[in-house]
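Input: a single structure, listed below in structure tokens.
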Amino acid sequence: MEKPIGIFDSGIGGLTVAKAVSKILPNERFIYFGDTAHLPYGDKSKEAIQRYSKAITKFLLANNCKAIVIACNTASAVSYKYLRDKYQGTIPIINVIDPIIEEVVRFGDHKKVGLIATRTTVASGVYQEKMSRRNPLVEMAVLPTPLLAPMIEEGFSKDKISKSVIENYLSNPIFEGIDGLILGCTHYVLIKEEINEFFNGRIKLYDSTDIVALKMKQIFEKEEMLCDSKQGVNHFYVSDITEGFQDSTLRFYGDNLKLELLKL
Ligand code: DGL
């Protein structure tokens, strides 16, 4: 199916997911929307995030997208149910939380798994609820880490500041004895190496890049929605552009790309 995939996030964090989609589904074309005017979603109310998610989805569908990927844990936590119910039976709506939970459950060996995420994701209780439904034997240790996404957006990683913030959060006693950690925000992929170093590689880390792209591949194969060859180019829209933004996108996506401004 030659139509594009719609991918959105509060900002550029979801570009880590888009990158994985390009790698695992190279024939697919996508339209990316980063809602930078409303960044960060992590400290917004559920109602506000639902309103933004609805408007973005409407825009992506008006542009002929064949599936929507909510490449943001916060929006997945509070908007997925609404979008899924509204578009049920028409197009696949893919969130970034279910594929991670499935992977943790599939691995099977965990006793205690940590979760770091935005305040809104943690407060939604979605990860905790889904995990206890799928495998009630896995204990979850959950910590909101609101400084991380803005820190990463501002370009702090692999330096003294990021090291100290990461250490401060991860040395929280609630994480004692964890054997896995979910990076419950698409931004955190950019500090995955530092997190891995903090735990000396002893902990299994989960993030929503390849896991989500592989889930999409599965869905598209099943629904016979895969593209045979790539037609056209990817488009990247943001709702606000600030100075230095192109640098941040380079960090998140790894390639130079052209951002188009679009106010919804
Ligand atoms: N990337 C978003 C997520 O996965 C969070 C960043 C934000 O607070 O906007 O939750």
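Note that the numbering runs from 1 along the sequence shown for the chain. Both ligands and their constituent atoms are indexed starting at 1 by order of listing.
- In this structure, atom 5 (C) of ligand 1 lies nearest to the protein heavy atom Cys185 SG, 3.4 Å.
- Atom numbering of ligand 1 starts at 1 in the shown order; those under 4.0 Å from a heavy atom of Thr118 are 5 (C), 8 (O), 10 (O).
- Atom CD of Gln128 is surrounded by more than 12 heavy atoms from other residues, nucleotides or ligands within 6.0 Å.
- Using a 4.0 Å cut-off between a side-chain N of Lys or Arg and a carboxylate O of Asp or Glu, Glu197 and Lys158 do not qualify as a salt bridge.
- If you check which protein heavy atom lies closest to atom 10 (O) of ligand 1, you get Thr74 OG1, 2.6 Å.
- Lys112 and Asp179 are not joined by a salt bridge, as no carboxylate oxygen comes within less than 4.0 angstrom of a charged side-chain nitrogen.
- At the top of the distance list for atom 3 (C) of ligand 1, counting protein heavy atoms only, stands Asn73 N, 3.3 Å.
- Here the protein heavy atom with the shortest distance to atom 7 (C) of ligand 1 is Tyr41 N, 3.4 Å.
- When each of Asn73, Asp207, Ile152 is tested with Tyr188 by the rule side-chain contact (heavy atoms from CB on, under 4.5 Å), just one qualifies, namely Ile152.
- Glu129 has a carboxylate O that lies under 4.0 Å from a charged side-chain N of Arg133, or vice versa, which qualifies the two as a salt bridge.
- Under the 4.5 Å side-chain contact rule for hydrophobic residues, Leu148 and Ile174 share a cluster.
- The contact set between ligand 1 and Asp9, taken as ligand atoms under 4.0 Å from a residue heavy atom, comprises 1 (N), 2 (C).
- At under 3.5 Å, not a single nitrogen or oxygen of Thr121, backbone or side chain, sits near a nitrogen or oxygen of ligand 1.
- For atom 8 (O) of ligand 1, the closest heavy atom belonging to the protein is Gly42 N, 2.9 Å.
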Original post:
Does the salt bridge (Lys or Arg N to Asp or Glu O under 4.0 Å) test come out yes or no for Lys23 and Asp210, once each step is laid out?
Top reply: CA-CA 9 Å; Lys23 183 179 79 182; Asp210 289 6; 2.9 Å; yes

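- The shortest contact between atom 2 (C) of ligand 1 and any protein heavy atom is with Cys72 SG, 3.4 Å.
- Heavy-atom contacts of Ser10 reach the following atoms of ligand 1: 6 (C), 7 (C), 9 (O) (cutoff under 4.0 Å).
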